[in-house]
Amino acid sequence: MEGTVRWVRSLAAESVAVVVRECCGLRVTGCELVRSLVNDVYRVEVEGGLAYACKVYAAGKAHVAWEQDLAVHLAAAGVTEAVPVPMEDGALVGEIEAPEGVRQFTVTVWMRGGKPRPPWSGELFFRYGEALARFHEAADGFESVHPARTYDPVRTLDDALSYIDDPMVHGIAERVRPLLDSSGDVGVRHGDASLDNVHLTDDGRVLWHDFDLAAVGPRGADLTGAYASGHWPAFEAGYTSRRRTTGDVRALRVVELVRNIAWHLRDKVAVRGTESAAEGWVERELQSLRDLL
């Protein structure tokens, strides 16, 4: 059967616990899988009641070392508390030989606080916008010896469209394409700057985590999630209290939606199966595109 079997995921939580114990020297008392889709995230408990996040990346994932350098930089700036934990050899990224290929992994401190929960408010979105501006400010001074991940909205749009037949989607994409050439402020962006990726602390701080889509590209793309919400004015006010908005956020929102549609039709099905296509995500993203007209 050589050449006919392709592995996708092969690790159990018990195996991850052993890896973290041996590579980081932590006294692990428990490990559980928290989230699994493209990458797998485990919560690792250690003696003394502390907790860490171990993220095991999909085989072939690149730029993980750059991402971890970014996390160190952001932690020093007070933007995150998801501080990378070095391996015993000093590296911030380890490797696991798996049937699906070499999978890189990282270990970071499990941040205090928790995700925001509805009901949403203008006050929350103001703080959310301000926190994103702080992220962008902090990232301005970031440097790494490792190659950076990059994000090109035109290339992203073209790649996604190759998997979509709907003429409405192609028509909207062509209308915004000319607006993507002048993408405004370019620098390190979070890449998935949603409320799912912040923690609110008891002392009122908004902290960022989950940087596996961070890249150098138009920062206006980080604002697109809030642009689609009913609290955009409050979010924009929070962001612009520290930093100007640049780039065409509406056009970048189109790119995000088209990319999401392609992801649900292609990548998600590869991991979750064809039943995932019936969950309604594609229809919701198509409606969001229509709403932008």
Side-chain angles (χ1 to χ4, degrees), residues 1-75 80-111 142 144-151 190-192 196-197 199 208-215 263 266-273 276:
M1 295 182 65
E2 183 177 355
T4 65
V5 175
R6 185 172 73 89
W7 289 79
V8 176
R9 182 173 292 109
S10 63
L11 294 171
E14 309 89 80
S15 300
V16 173
V18 172
V19 168
V20 172
R21 181 168 59 247
E22 293 183 349
C23 293
C24 297
L26 297 174
R27 296 180 178 273
V28 178
T29 59
C31 180
E32 63 177 0
L33 179 64
V34 176
R35 185 174 69 250
S36 178
L37 194 54
V38 177
N39 305 316
D40 303 329
V41 178
Y42 299 81
R43 180 181 171 97
V44 180
E45 307 282 349
V46 303
E47 288 183 3
L50 299 177
Y52 297 85
C54 177
K55 179 176 289 187
V56 184
Y57 293 76
K61 193 77 170 181
H63 308 295
V64 178
W66 176 84
E67 173 192 325
Q68 289 302 97
D69 287 348
L70 174 63
V72 171
H73 176 85
L74 295 173
T80 184
E81 290 181 355
V83 182
V85 176
M87 312 292 149
E88 291 197 318
D89 63 1
L92 297 179
V93 182
E95 292 184 347
I96 299 172
E97 293 283 350
E100 59 269 29
V102 175
R103 299 184 64 179
Q104 297 183 86
F105 74 94
T106 60
V107 179
T108 58
V109 174
W110 192 276
M111 289 203 310
F142 171 61
S144 173
V145 298
H146 298 105
R149 189 182 294 120
T150 59
Y151 170 74
H190 184 283
D192 191 9
D196 275 342
N197 290 324
H199 272 199
W208 291 95
H209 66 100
D210 203 359
F211 307 120
D212 58 11
L213 291 177
W263 186 82
R266 176 189 55 179
D267 304 86
K268 189 177 181 181
V269 166
V271 177
R272 294 275 303 276
S276 69

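Since the model is a prediction, treat every value here as computed from it, not as a measurement.
- Taking each heavy atom of Trp263 and Leu37 in turn, the nearest pair found is CH2-CD2, 3.2 Å.
- Ion pairing between a basic and an acidic side chain is recognised when a charged N comes within 4.0 Å of a carboxylate O; Glu95 and Arg103 show no such pairing.
- To the nearest 0.5 Å, atoms SG (Cys24) and OH (Tyr52) are separated by 9.0 Å.
- Annotation: Glu97, atom CD; neighbour count of heavy atoms from other residues, nucleotides and ligands within 6.0 Å does not exceed 12.
- Annotation: side chain of His190 is in contact with side chain of Trp208 (closest heavy-atom distance under 4.5 Å).
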Output, in order, the C-alpha distance, side-chain angles, deciding distance and verdict of side chain to side chain donor-acceptor pair (under 3.5 Å) for His146 and Asp69.
CA-CA 8 Å; His146 298 105; Asp69 287 348; 2.8 Å; yes

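- No donor-acceptor distance shorter than 3.5 angstrom exists from the side chain of Thr80 to the backbone of Leu74, with no hydrogens or angles considered.
- For Lys268, the salt bridge (Lys or Arg N to Asp or Glu O under 4.0 Å) partners at least two apart in sequence or on another chain are Glu279.
- Salt bridge Lys61/Asp212: absent, no basic N to carboxylate O contact under 4.0 Å.
- With hydrogens and angles disregarded, no donor-acceptor distance shorter than 3.5 Å links the side chain of Arg35 to the backbone of Val41.
- Aromatic rings from Phe142 and Trp66 are positioned such that their centres are separated by under 6.0 Å.
- Judged by distance alone, with hydrogens and angles left aside, the side-chain atoms of Gln104 form no donor-acceptor pair with the main-chain N or O of Val64 at under 3.5 Å.
- Judged by distance alone, with hydrogens and angles left aside, the side-chain atoms of Asn39 form a donor-acceptor pair with the main-chain N or O of Ala58 at under 3.5 Å.
- Asp40 places no side-chain N or O within 3.5 Å of a backbone atom of Lys55 that could act as its donor or acceptor partner.
- How far CD of Glu67 is from CG of Leu92: 11.0 Å, rounded to the nearest 0.5 Å.
- A pairwise comparison of heavy atoms in Ala215 and Thr150 identifies CB-C, 3.8 Å as the closest pair.
- Shown are Val85, Val83, Val44; of these, the side-chain contact (heavy atoms from CB on, under 4.5 Å) with Val107 is made only by Val85.
- Not counting sequence neighbours, the partners of Glu45 by the salt bridge (Lys or Arg N to Asp or Glu O under 4.0 Å) test are Arg43.
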